[in-house]
2 protein chains.
Amino acid sequence: MSHVPDQPAQPDPSLRLLWRHRSGGGEEPKARRGPKQKVSLDEVVDAAVDLADAEGLAAVTMRALAQRFGLGAMTLYTYIPSRDALLVLMADQAVGRTEVPDLPEDPRERLELVARVQHDELRAHPWLLEVQDVRPWLGPNMSDRYEWQLQAVDGLGLTDLEMDQTVAVLIGFAGNIARSELMKRRAEQVTGMTEAEWWEANYETLNEVMAGTHYPLANRVGTAAGEAYQAATDPARELDYGLARIIDGILAHVRK
Amino acid sequence: MSHVPDQPAQPDPSLRLLWRHRSGGGEEPKARRGPKQKVSLDEVVDAAVDLADAEGLAAVTMRALAQRFGLGAMTLYTYIPSRDALLVLMADQAVGRTEVPDLPEDPRERLELVARVQHDELRAHPWLLEVQDVRPWLGPNMSDRYEWQLQAVDGLGLTDLEMDQTVAVLIGFAGNIARSELMKRRAEQVTGMTEAEWWEANYETLNEVMAGTHYPLANRVGTAAGEAYQAATDPARELDYGLARIIDGILAHVRK
DNA sequence: ATTTGTTCCGTACGGCGTACGATATTTTTT
DNA sequence: AAAAAATATCGTACGCCGTACGGAACAAAT
């Protein structure tokens, strides 16, 4: 049992960084001592977001990011304590970039909007899907967003707990769609083929290797999907379908 | 435009590895030339799964895995072409470990079972959530599972495409619950505090930093959640609630 | 003028995946 | 029986990564 003795549980340092713009009314520029910082923290975080948008989260290395400003790698550590802390700031900053529309009156449209905003955002910043693994941190922009999401489900007759869970279901679903889109794009990038090309290239091998095993339903469904997805885009339909079912279920519950 | 000339699109090498046990009826042990392998590929993959279960996916390094067998790191590359390929094999092998129950007759129970099996599996092998980012590969065990999932939604009156999408919604939702459980566990591990302790430790800072901003709904909902989750476990309820809504929506759709 | 707290940055450490080449071991061919 | 070919093992090394550390340049407080 390793038990750190009686540390009074330090408050999380990321919190003050996250809320650096809004924290306390007291403006105290409080001239610092050493040389002036060549860039601002916001510029750093913004550049990191841009980099992640353009080349993926893996491309956001300390060295690469520092180089964008002509700084040495270690200099970044006067701005942020660690790369993980940077990711948290990036996530909140990215969320801050999307401006949420006003909520319509129709309940169905409101729920749908919550999901679609989430989906669009994750399409714009797919790396958010990876950062969420780190933590769903409570920065100012994420807090604003959450409040907005709760507004969307407020007044429907849900309990407080159900409001939270309903939002979770909606944005979780949107996240799953975004994730499958991301995986598809990545697969095409890695293999250098489209999905259709991959299937063609592996058709023979698959038949050979799966000889003796039968997947009647999977084959039928797979064929249907293959034909359908040649014309129309797949994940858009997935989103429409799933969202309709989920919202049906939610509204039915409220009107029980 | 970097365009590889006219390679006839090599079939994916992972496929043969994935199906190594079932591929073609022809048994041909075909004595290999060099020294015998000290362990089998299955042992390697099994060990990797165990390691990931116990210490997380990050602990599955080539060196650590090789050491388990007293092998040098590079020796593993005679078993698998790359770490990524290993992850694919691990995923399929892990899926193969869970034995799926027979499908009940009641439609609602069937849909619920699909989600709960997925959820339980991801609780047993949380690292699958990270591997899915790599790819949802079609190994034998995954294929079996998919066929089983389609059986669960067969005969409900869904179109072929809808069957696929319905399964996706259900297992996606289960994955989201599992992911939030995982994040919670990780957060407790990293910070060394329970969620309640974290809130207590940061209560003051949060109030200070959020002064001037008001989140009426988030506060109300957060308080409700805080009180409720002291007694009952949270994600279990989330699963029950969301699953009920989703299945309601699906069944309403087929009985339209 | 001196002290003190910052910023900047070069160097270095340990860890990762894995390319490469040497060596040992087994089967196949002669 | 000997030589050749193919395979397994593994030590070394390269280029990445995050980041600990220490020194130098700098600006404000003393």
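Lettering of chains follows the sequences in order, A, B, ..., and the numbering in each one begins at 1. A quick note: this is a predicted structure, and the numbers were derived from the prediction, not measured.
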Using a cut-off of strictly less than 4.0 Å between a heavy atom of the residue and any atom of DNA chain C, enumerate the qualifying residues of residues 62-71 of chain B by number. Met62(B), Arg63(B)
Donor-acceptor under 3.5 Å (Asn176(A) side chain, Gly172(B) main chain): yes
OP1 or OP2 of [N] sitting under 4.0 Å from any side-chain N/O of [X]?
X	N	value
Thr78(A)	dT6(C)	no
Tyr79(A)	dC8(C)	yes
Lys38(A)	dT6(C)	no

Check salt bridge (charged side-chain N to carboxylate O under 4.0 Å, His left out) between Glu147(A) and all other residues, then give those that pass, not counting sequence neighbours. none
Of all residues at least two apart in sequence or in a different chain, which pass the salt bridge (charged side-chain N to carboxylate O under 4.0 Å, His left out) check with Arg145(A)?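 Per chain and number, Arg145(A) pairs via salt bridge (charged side-chain N to carboxylate O under 4.0 Å, His left out) with Glu121(A).
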Between Arg97(B) and Asp92(B), is the closest basic N to carboxylate O distance under 4.0 Å? no
So does Glu238(B) pair up with Arg179(B), basic N to acidic O under 4.0 Å?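 No salt bridge links Glu238(B) with Arg179(B).
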As a quick check of understanding, evaluate side-chain contact (heavy atoms from CB on, under 4.5 Å) for Trp19(A) and Ser143(A), giving each step before the final call. CA-CA 11 Å; Trp19(A) 292 82; Ser143(A) 299; 3.8 Å; yes
Is there side-chain contact between [X] and [Y], with heavy atoms separated by less than 4.5 Å?
X	Y	value
Arg20(A)	Leu89(A)	yes
Leu122(B)	Gln118(B)	yes
Met62(B)	Tyr77(B)	yes
Met210(B)	Leu206(B)	yes
Trp127(A)	Leu87(A)	no

Mapping Gly72(A) and Pro81(B) onto DNA chain C by nearest heavy atom, which one lands closer to the 5' end? Gly72(A)
CZ of Arg83(B) versus C1' of dT18(C): gap in Å, rounded?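 Value for this atom pair: 12 Å.
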Could you list by number each residue of residues 49-61 of chain A showing a heavy-atom separation from DNA chain D of less than 4.0 Å, or answer none if no residue does? Val60(A), Thr61(A)
Summary of protein contacts for nucleotides 20-30 of chain C, nucleotide by nucleotide, where a base hit scores B, a sugar-phosphate-only hit scores S (4.0 Å, heavy atoms): B----BBBS--
Assess the residue pair Asn202(A) and Leu15(B) against the criterion (side-chain contact (heavy atoms from CB on, under 4.5 Å)); give the C-alpha distance rounded to whole Å, side-chain angles, the decisive distance to 0.1 Å, and a yes or no. CA-CA 9 Å; Asn202(A) 290 87; Leu15(B) 275 182; 3.4 Å; yes
Of all the heavy-atom pairs spanning Arg68(A) and Ala47(A), show the shortest one and how long it is. NH1-O, 3.9 Å
Could you list where the contact with chain B starts and ends along DNA chain D, reading 5' to 3', using a 4.0 Å heavy-atom cut-off? dA5(D) to dA13(D)
